[in-house]
Amino acid sequence: MANQWQTTNTPKPYSAVSNPGPVLQQPHQSQQEAPPPYTGPPVYHDTQPIVEYAIIVPRPGAGRRFLSSFFVATFIWLLLSLLVQSSVNALQFGHKHHGRSVGGSAVSSDLNLGNCVSGKSWNQARRTSPFALLRLNFGGDAQASGSTNFTLPISSDALLFLSRGQNLGGSITIITSPTQSFQSATINVQATSNSQQGLQQTKACLLTRNANENGVGVFTPTSGYSPLWNVNFHITVILPDVGNGEPLHIKDLETDLPDSSHQIGDLSTKILFDSISLSGSNGPIAVQSLATTSGKINTSNGQISGIFNASESLLLATTDSGIRVDVGLTSQGSDSNPMLTARTSNAAIDANINLFSSSGSGGTFTVNAETSNQPLKIAFPNAPSGSTLDLQASTQNGQASVILDAAYAGSFDVQTSAFEDAKVNVVRPNVDGRHVNFSGEGRGETAGTVSWDNQSSSGAGKVVVEVSGLYVYKKYYNRESTL
């Protein structure tokens, strides 16, 4: 496998992304001058007889005493925080990632490392003054920067991207280029640090897992590494754009990048993944578009946004940040049951979910959506005739709105606080052949069924929407433009 890889410290030129389409817009510090050198008081030689006298030192003012105490306490707090963070990071990586150590960083035992770039092997970009160390800790410039390139075979069973270590975070961008070889992916890794020593101890390595899984990892030590050193990386993955109207098939792509964000280009018509797993934390995952059989998108404290297409399963999970997506679920046969799960907390969910069938009609779909303390808004603009939808949507202490396509048939159950109305609004009630029957309507819960004349039963669909708290909840089961 090693002979399929190439590594060089010279960045490989490549053209811009071809027709990237609409780009999702996502939603540094002044430099301090060095203090003047300290000059001690002049030295006086004893030329007078020794006499006894008293030196009276004026007591500093209250404001000056407060500022002195404040700065001393702040310095001690910052120092203790860095030391505690260092210890916690080491413990977290030691417990979470069982296996052997790579340069002091714990990695899974099923990973094998190939060629690594570290120390002076980095293609060093620039240096700044020694005072950049202080500036970077408060958002300033880097003192050291380096880059390197790797090449991975597109035929891999999985493309892997991993980061582990102390004070390490960054971002990854995945794009396509028509100048990229059809058989390979180019991986560019850039690393910046507020310390030359920090960069020297940072490694970028080729990875292998199992028989034909290949990737790139970025590592910093978790021991013997100064808590004052910070390393920020950026990984750019350049995939081929075959440009023949057919998407390139990639078996699997996985990222596991703590404290990092993800930017995914307009891939849906160019790349088809059997499986894709994007995992980060403390950063957003923004996707222009992608298509996959199954996908897992996980982060925390970062928004998930973009266009996602899946034919088997799709998981969108974050915390304390919103989910704002357009999703296409495609049923590919009678045994197919595409499933979407969207989950967050303390943030809103806003999703347009389009349901498709490869045969043009029918299909079974499952959707679960859950949040808390913020609104939940789900719309189904399109659904095949004769399809079956199983929807479970809930929020706590927030409003909810669900709009179903006109083709829906089945039951609905709207549940809310016993002190609030559970409302179901029929947008266009006078539609020939459709029947809406209420089995219960009022405070706390409204339930019923929707059926069509050409169906032998009321339909197998099931929609349950739950709202807890004291917010008025509305559910619309037919979208006016679809009737």
Side-chain angles (χ1 to χ4, degrees), residues 21 242 244-252 266-276 287-297 306-316 325-342 351-369 378-393 402-412 427-428 431-436 449-464 476-483:
V242 296
N244 61 3
E246 293 293 329
L248 177 69
H249 176 225
I250 293 180
K251 296 177 183 177
D252 185 20
D266 187 8
L267 307 183
S268 62
T269 61
K270 304 170 185 177
I271 306 290
L272 176 59
F273 298 96
D274 284 346
S275 176
I276 186 169
V287 175
Q288 290 187 38
S289 70
L290 68 80
T292 184
T293 301
S294 62
K296 295 181 180 180
I297 314 299
I307 300 173
F308 300 84
N309 297 279
S311 57
E312 287 188 4
S313 64
L314 179 64
L315 169 66
L316 308 173
V325 294
D326 290 276
V327 176
L329 296 178
T330 301
S331 172
Q332 295 184 329
S334 58
D335 296 331
S336 175
N337 182 11
M339 176 180 295
L340 167 66
T341 300
N352 291 318
I353 305 170
N354 293 275
L355 308 180
F356 304 101
S357 172
S358 58
S359 65
S361 63
T364 301
F365 305 87
T366 301
V367 176
N368 297 296
I378 299 177
F380 293 86
N382 299 288
S385 61
S387 60
T388 299
L389 171 63
D390 185 350
L391 169 65
Q392 181 81 34
V402 175
I403 303 175
L404 300 185
D405 180 82
Y408 177 74
S411 64
F412 58 87
V427 178
R428 294 178 62 182
V431 176
D432 291 340
R434 187 183 66 186
H435 306 279
V436 180
T449 60
V450 181
S451 60
W452 292 84
D453 284 344
N454 58 357
Q455 293 176 333
S456 58
S457 64
S458 60
K462 181 180 180 181
V463 171
V464 177
Y476 305 84
Y477 76 88
N478 276 307
R479 187 171 185 264
E480 184 174 1
S481 61
T482 63
L483 299 180

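Counting from 1, the numbers follow the sequence of the chain as shown.
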Qualifying residues under side-chain contact (heavy atoms from CB on, under 4.5 Å), relative to Thr292, sequence neighbours excluded
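If we apply the side-chain contact (heavy atoms from CB on, under 4.5 Å) test to Thr292, skipping adjacent residues, the hits are Phe273, Ile276, Leu290, Ala310.
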My understanding is that only residues two or more places apart in sequence, or in another chain, count here; which of them pass salt bridge (Lys or Arg N to Asp or Glu O under 4.0 Å) with Lys462?
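Not a single residue meets the salt bridge (Lys or Arg N to Asp or Glu O under 4.0 Å) criterion with Lys462.
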Atom [atom1] in [X], atom [atom2] in [Y]: separation rounded to 0.5 Å?
| X | Y | atom1 | atom2 | answer |
| --- | --- | --- | --- | --- |
| Gln288 | Ser268 | CD | OG | 9.5 Å |
| Leu329 | Ser311 | CG | OG | 9.0 Å |
| Phe365 | Leu355 | CZ | CG | 5.0 Å |
| Asn368 | Met339 | CG | CE | 6.5 Å |
| Leu248 | Lys270 | CG | NZ | 12.0 Å |
| Leu314 | Ile297 | CG | CD1 | 6.5 Å |

Shortest non-hydrogen contact from [X] toward [Y]:
| X | Y | result |
| --- | --- | --- |
| Ser331 | Gly363 | OG-CA, 3.6 Å |
| Trp452 | Ala406 | CZ2-O, 3.0 Å |
| Asp274 | Lys251 | CB-O, 2.9 Å |
| Pro384 | Ala407 | O-CB, 4.1 Å |
| Pro381 | Ile353 | CD-O, 3.4 Å |

His435/Thr449 under side-chain contact (heavy atoms from CB on, under 4.5 Å): CA gap, chis, key distance, verdict
CA-CA 8 Å; His435 306 279; Thr449 60; over 6 Å; no
Any donor-acceptor pair under 3.5 Å from Ser294 side chain to Glu312 backbone:
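Such a contact is absent between Ser294 side chain and Glu312 backbone.
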side-chain contact (heavy atoms from CB on, under 4.5 Å), that's the test. Do Asn309 and Thr330 meet it? Break it down for me.
CA-CA 8 Å; Asn309 297 279; Thr330 301; over 6 Å; no
Take Leu316 and Leu340 through the test side-chain contact (heavy atoms from CB on, under 4.5 Å) and record every step on the way to the result.
CA-CA 8 Å; Leu316 308 173; Leu340 167 66; 4.1 Å; yes
Can you check side-chain contact (heavy atoms from CB on, under 4.5 Å) on Phe380 and Val367, steps first, answer last?
CA-CA 11 Å; Phe380 293 86; Val367 176; 4.1 Å; yes
More than 12 foreign heavy atoms under 6.0 Å from CG of Asn244: is that the case here?
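Yes - once you tally the heavy atoms of other residues, nucleotides and ligands closer than 6.0 Å, there are more than 12.
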Give every residue pair that meets the side-chain hydrogen bond (donor to acceptor under 3.5 Å, both in side chains) criterion with at least one member in residues 352-365, sequence neighbours excluded.
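For residues 352-365, and leaving out neighbouring residues, the side-chain hydrogen bond (donor to acceptor under 3.5 Å, both in side chains) pairs sorted by first residue read Asp326-Asn352, Asn354-Asn382, Ser357-Ser359.
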